[in-house]
Number of protein chains: 2
Amino acid sequence: MEHYALKLREHSLKATPQRAAIAEALDTYGHLSVEELYEILRKKFASLSLATIYKNIHIMLENAFVSEVKLPGQKSVYELTKEAHAHLQCTNCHTIEDIALDMECLLSQAKTKTDFDVQTANLVLSGLCKKCR
Amino acid sequence: MEHYALKLREHSLKATPQRAAIAEALDTYGHLSVEELYEILRKKFASLSLATIYKNIHIMLENAFVSEVKLPGQKSVYELTKEAHAHLQCTNCHTIEDIALDMECLLSQAKTKTDFDVQTANLVLSGLCKKCR
DNA sequence: TTAAATGCAAAAAATTTGCAGACGT
DNA sequence: ACGTCTGCAAATTTTTTGCATTTAA
């Protein structure tokens, strides 16, 4: 997928096959933990090292190619960086869904109540998905 | 502080001195990581074990005596469970502040846009505090 | 008195580091 | 060709576990 190579270079990342595969996996699955990425990529690269995953996740976070999602009571998962959005997770089946929410109503409250100059918001909503309800 | 012993028992936790000290430290400092708790309590209990901190944080989470706060790019910190609230963290000095926000404006959006039955919200706002601005 | 908690040591899991050889640009 | 990346092995760091002893209720 030359497509991922391009995206990588746009973020000043050398386009190695391992990195393209990380990008592809995240694009396909949406949200993956380090361990999950490792298991998926191992099928493609028999000699893949976990250290490679860690090193790449780090540099990809620095370059904002991927973003970390911290879920309550679970390991972090990673996703390709997209426009800001919140996450919705089912407490039963643990499915994660992206959701675009207008945060303005919160930011205005925050502006009134604190002296902070708020720049970013990280929001995770938990509940029951349609199936598990 | 017999006060903390009572609170602990209300959450079905045996009131050991170590647990009361964890409660007191969290009450005093607001938000602490495992390592910070360990360093603080060690002054009071020379023989304190890190394992004791871990075991207690776990059971206190189960019993909702404490809550975990996951901050972007950092280790989790813990706080005494209070009514739901969001967190505000300075990206420069890393100070954490609690803030009560009315989330209704988000929950109504979520209700419209998804099939989830949303139960809880975890929100961390990041920005610059008054001093660091 | 009894179930549960502590502390210790060891084990396991997660993450990081250094380096030689391979590879992208 | 150069600087960076990969894979490996080892080192670190973080978290968990088992067990003997102590302790809260």
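Only this structure's heavy atoms are used, side chains among them; waters, hydrogens and symmetry mates stay out. Convention: sequence-line order gives letters A, B, ...; per-chain numbering from 1. Just so you know, these numbers come straight off a predicted model, no measurement behind them.
- DNA chain D is contacted by A:Ser47, A:Leu48, A:Ser49 of residues 37-50 of chain A, taking any non-hydrogen atom closer than 4.0 Å.
- If one axis is set at each end of the helix from C:dT1-D:dA25 to C:dT25-D:dA1 from five pairs, those axes are 60° apart, to 10°.
- Considering only residues two or more places apart in sequence or on other chains, A:Glu36 meets the side chain to side chain contact (heavy atoms under 4.5 Å, CB included) condition with A:Leu32, A:Ser33.
- Side chain of A:Gln89 to main chain of A:His94: a donor-acceptor pair is present (N/O by atom type, distance under 3.5 Å, no hydrogens or angles).
- Counting to the nearest Å, the C1' atom of D:dT17 and the OH atom of B:Tyr54 are 14 Å from each other.
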(request) Give the B/S/- string for nucleotides 17-25 of chain C, one per nucleotide from 5' to 3', where a protein heavy atom under 4.0 Å of the base yields B, of only the sugar-phosphate yields S, and otherwise -. (result) BBB----BS
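- As a whole-Å value, the separation of B:Lys75 NZ from D:dT14 C1' is 8 Å.
- Proximity of a side-chain donor or acceptor of A:Lys70 to a complementary backbone N or O of B:Gln74 within less than 3.5 Å is detected.
- Linking ILVMFWY residues whenever their side-chain heavy atoms come closer than 4.5 Å, directly or via other members, leaves B:Leu80 and B:Val77 in distinct clusters.
- Residues of residues 57-64 of chain B that place a heavy atom closer than 4.0 Å to DNA chain D, in numerical order, are B:His58.
- Between the side chain of A:Arg19 and the main chain of A:Lys14, a donor-acceptor pair closer than 3.5 Å is present.
- A:Ser67 meets the side-chain hydrogen bond (donor to acceptor under 3.5 Å, both in side chains) test with A:Thr81; sequence neighbours excluded.
- A heavy-atom distance below 4.0 Å to DNA chain C is reached by none of the residues of residues 25-35 of chain B.
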(message) Apply side-chain contact (heavy atoms from CB on, under 4.5 Å) to residues B:Leu50 and B:Val34 and explain how you reach the verdict.
(response) CA-CA 8 Å; B:Leu50 238 193; B:Val34 165; 3.8 Å; yes
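- Atom pair A:Ile53:CD1 and D:dT6:C1' shows a separation of 11 Å (rounding to whole Å applied).
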(request) Would you please test B:Glu35 and B:Ile53 for side-chain contact (heavy atoms from CB on, under 4.5 Å) and show each step? (result) CA-CA 9 Å; B:Glu35 202 58 38; B:Ile53 303 283; over 6 Å; no
Side chains of residues 114-125 of chain B: which donor-acceptor pairs under 3.5 Å do they make with residues two or more places apart or in other chains?
| from | atom 1 | to | atom 2 | distance (Å) |
| --- | --- | --- | --- | --- |
| B:Thr114 | OG1 | B:Ala110 | O | 3.1 |
| B:Thr114 | OG1 | B:Phe116 | N | 3.1 |

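- Applying the ring-ring contact (aromatic ring centres under 6.0 Å, His included) rule to B:His11 yields the partners B:Phe65; only residues at least two apart in sequence or on another chain are considered.
- At whole-Å resolution of the value, NE2 in B:His11 and C1' in D:dA24 are 18 Å apart.
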Donor-acceptor contacts, no H, no angles, side chain residues 96-108 of chain A, under 3.5 Å, sequence neighbours left out:
| from | atom 1 | to | atom 2 | distance (Å) |
| --- | --- | --- | --- | --- |
| A:Asp98 | OD1 | A:His31 | NE2 | 3.0 |
| A:Asp98 | OD1 | A:His85 | NE2 | 3.4 |
| A:Asp98 | OD1 | A:His87 | NE2 | 3.3 |
| A:Asp98 | OD2 | A:Lys82 | NZ | 3.4 |
| A:Asp102 | OD1 | A:Glu104 | N | 2.9 |
| A:Ser108 | OG | A:Glu104 | O | 3.1 |
| A:Ser108 | OG | A:Cys105 | O | 3.2 |

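- For residues 38-54 of chain A, the pairs satisfying side-chain hydrogen bond (donor to acceptor under 3.5 Å, both in side chains) are A:Glu24-A:Lys44, with sequence neighbours left out.
- Residues B:Leu26 and B:Leu37 have side chains in contact (heavy-atom distance under 4.5 Å, counting atoms from C-beta outward).
- Remark: B:Glu62 pairs with no residue by the side-chain hydrogen bond (donor to acceptor under 3.5 Å, both in side chains) rule, at least two apart or across chains.
- Clustering ILVMFWY residues whenever any of their side-chain heavy atoms sit less than 4.5 angstrom apart, transitively, puts A:Leu71 in a cluster other than the one holding B:Leu71.
- In terms of phosphate contacts, A:Gln18 brings a side-chain nitrogen or oxygen within less than 4.0 Å of OP1 or OP2 of D:dG7.
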